[in-house]
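One structure below.
Chain letters run A, B, ... following the sequence lines, proteins first and then strands; every chain starts at 1.
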Amino acid sequence: MEKIEDEKLELLSHLIRRAGFGATRRELEDYGKYSYEDVVETLVTPKETNWMGDYLVRRFDGEASGMINAPGSARRWIYRMMSSDTPLKEKMTLFWHGIFATGVPKVINGRVLSDQIEMFRDHGLGRFDDLLLRLAKDPAMIVWLDNQENHKNSINENWGRELLELFSMGVGNYSEDDIKECAKAFTGWTIGNTEYMMVRSKRDSDWPYGRIAYHFEYLPNDHDDQTKEFLGHQGNFNGEDIIKVICNRETTAKFIARHLYHFFVADEVPVPSWNEVAPRDEEAIDELVKAYFDTDHNIAGMLSYLFNSDFFKSKNARYKKVKGPAEFAVGLLKLSREFEIPDRDMIPRYRQIGWMGQELNNPPSVEGWHEGQEWVNTGSLIERINFASELLGNQENAGIKELIDTVEEAITENSTPEQIVDECLTQLGFLKLSSNSKTAVADFANGVEENRAKISGVIRLIGSTREFQMA
Amino acid sequence: MTPLQKPHLDYRLTLGIVAMEGRGFEYPSDSFVAENDKIYVTNKSRDYGERGVRVTILDMDSEYFGTFGHYGVSEGQLISPAGITGDGNGNLYVTDDYANMISQFDLEGNFIQRWGTGGSNLGELNGPSGIAVGIDSYIYVSDTKNHRIQIFTLSGDIVSAIGSQGEEEGNFHLPWGVDVGSDGKVSVADWGNNRIQRFDSNGEHVETISAVGTSKSQLNHPSSIVVDSRGNRYIADWGNETVKVLNSSSELIQEMKGQATLSKWASAFLETNKEEGLSRENANLDNLSALEDTEDPHTVSAHIEKLFWSPVSVKLQKENLLLVTESNRHRIQVYEIK
């Protein structure tokens, strides 16, 4: 077999850390059989696979099937992220959950939250117009932003405001009148059986037979069919028309471009500051805006451009993003293969991700989580290191056992501690450590006699380094 | 030639209500009708919580007789009760798929003994789920994650095992429900292989059921099977959210999607909580037109409350009634066999 250049594997490692949840050397060598551009194409146009995982998680974790509450929905999703063979689809689901942040305090129904996550998975790489329209009809979002209370004769602006402020254009690109007109266009967009579902929600009732999923319902009699003026356009607009206007605006393209850059390339300042702080790479944002219009608002098209760009592939871009808690934990769960068949021990794992600062299906507010450096504080760092240590240090985990076996085969009795550390880093997916981190890990290796204990300890210690926290 | 007997099932009633403790069920995993006509229902609970794990006792009139087998690791306690059966002599046997044990109780719920050790050697268990007592007075256990059926004496001594992991005839992939008929034949819901496999009393493979009906529709991860004395088979087709009735030649004669109504416990709740009861009366809970975009039965059942949602167990009461336990709807639908 032709040897694949380490440089290519390091670039693929960077790509899969960002577009997925990381990959071992073996997995990277599989990707490496194809050109970098072909790997990107495969990631952004994932094929449907015959994935058994959904059946497994539903059978072996009842609440991940019935989803009375949010943790069941989150565990099903976590299992999917760690076992999926379409990693970018899952990563984009996480991306949209961070932007269209919807949570359990108001949507007291795990199944409804899960349906939204499924919608992001199915449509998160398609046209932004389509995604936004589905979001407007998504029952979890309707309840989260009170659109079931947005009536023809008494509007509720919550959805209209956030659609413009947080979901498409950002502050400063519309007026208060635009918000009102937008809200009017979405009157009559509600959920079926509103009264019963809201009574149950208010009482947190799962009686008599568990939760019932919500469905979208349009009530023409409750829709304001008067002429509206919105962002310089005039007409008898319904919600679809509003979304079309929004998606044709450059401010929307810029907003999405900056989010993609923030999530996949380099940490930006938190979203509320975007109106005042310029993007860290305006040229990159301009190129992504062009890709948005060139591909007819297609998110996969923008991502294809992004992953093939010099600003993404640059060595200066690597290990510059702090992994989010879910991203960090899922990467470790995938690597360790702790749950080849799901079981009740996924419950504490899910909770640990929350302790790291990201309880899925329960964002801190409609703004989502502040990402980047804000993921890490004294408490969350300890949680992260403990989590990594538990998973990487358990030799009973199939993925860890396989890693140790592979490293053990590759080294000799004459291998130096530095060479052992290098081999572990290579097998973990061509990871790079600073010289300080590497020296500290090698010092540890120097003090352990038995080979497997040494390799296991090195892998475990790598999980506690600064670089391992970064993507 | 005598024509095959064709049972026909009519919906009769629904039992249960979701409840985190006490009267009701939470993620029920199995049920068993004992010789005292009481129904014993194992509950895994929401997050295997301390309150919810239990065995609930009731009867066909929804009279409630208490609970036992609560959460814990001590004798008489359970972590994750997955299956239940009885021997007809006053004993119940409950599998625990987390503790890898089988606990024996009397019909009042008093603990008698337990056995089981985690592992993959003969006699060891890994995720035991379905359980049945045969006419040979042996206990048949679906040793799920070891992909086999293990056979024990009533006191827990290993007798033998059937099968190993694989897709071939006689192999299993994560088997779930198990039944031993009055003729001694063993039927297994071979969940991961999307089929039912049947064996004679010597453990020899005699039949595979994978596709049924004129359209030869594939079973989808079946969870449970029970066979009556006439050889009719009742299958919980878990992945398709249906129950299928086959005659003794394995011809499909009825397929049910579920038609639950309010149980006595559910009605009592809605009468007490009037705001919820009134708003429910005004709701249309059968609105299938809202689900035109999906054919996924799991999604449809999440929306339409009366339909089966995660039917995990089918059990008979004296061959007159079929009990379908639905994990996600925390109830049992009862059908009359005619």
Exam field: side chain His303(B) to backbone Tyr214(A), donor-acceptor pair closer than 3.5 Å
yes

Heavy-atom proximity to chain A below 4.5 Å, by part of His221(B):
side chain

Consider side chain to side chain contact (heavy atoms under 4.5 Å, CB included). Of Leu285(B), Asn284(B), Leu278(B), which one does Tyr196(A) pass it with?
Leu285(B)

Is any NZ, NE, NH1 or NH2 atom of the basic residue among Lys202(A) and Glu275(B) found under 4.0 Å from an Asp or Glu carboxylate oxygen of the other?
yes

With only heavy atoms counted, which part of Arg211(A) is less than 4.5 Å from chain B, the side chain, the backbone, both or neither?
backbone

Quick check for you: among Asn282(B), Asn273(B), Leu270(B), which has the greatest number of heavy-atom pairs under 4.5 Å with chain A?
Asn273(B)

Examine whether an atom of Ser263(B) lies under 4.5 Å from a heavy atom of chain A, and if so say whether it belongs to the side chain, the backbone or both; otherwise answer neither.
both

Report which part of Arg280(B) has an atom under 4.5 Å of a heavy atom belonging to chain A: side chain, backbone, both, or neither.
both

With a 4.5 angstrom heavy-atom cut-off, could you sort out which part of Met198(A) is near chain B: side chain, backbone, both or neither?
neither

Okay, Leu262(B) and chain A: the region with an atom under 4.5 Å from a heavy atom over there is both

Considering only heavy atoms, which portion of Thr299(B) lies under 4.5 Å from any heavy atom of chain A: side chain, backbone, both, or neither?
both

Can you say whether Glu118(A) sits under 4.5 Å from chain B via the side chain, the backbone, both, or neither, judging by heavy atoms?
neither

For Trp207(A) and Val18(B), indicate whether the former's side chain and the latter's backbone hold a donor-acceptor pair under 3.5 Å.
yes

Return the orientation label for the Phe60(A) and Trp191(B) ring planes: parallel under 30°, perpendicular over 60°, tilted otherwise.
perpendicular

Could you check whether Asp206(A) pairs with Arg46(B) (Lys NZ or Arg NE/NH1/NH2 to Asp/Glu carboxylate O, under 4.0 Å)?
yes

Would you check if the distance from the ring center of Tyr209(A) to the ring center of His330(B) is below 6.0 Å?
no

Atom CG of Asp345(A) and atom OH of Tyr98(B): how far apart are they, to the nearest 0.5 Å?
3.5 Å

Separation of Ser205(A) OG from Phe269(B) CZ (nearest 0.5 Å)
4.5 Å

In Å, rounded to the nearest 0.5 Å, how long is the span from CG of Asn328(B) to CZ of Arg58(A)?
8.0 Å

Exactly one of Arg331(B), Glu305(B), Arg329(B) clears side chain to side chain contact (heavy atoms under 4.5 Å, CB included) with Pro208(A), and that residue is Glu305(B)

Side chain, backbone, both or neither: which part of Asp54(A) has a heavy atom under 4.5 Å from chain B?
neither

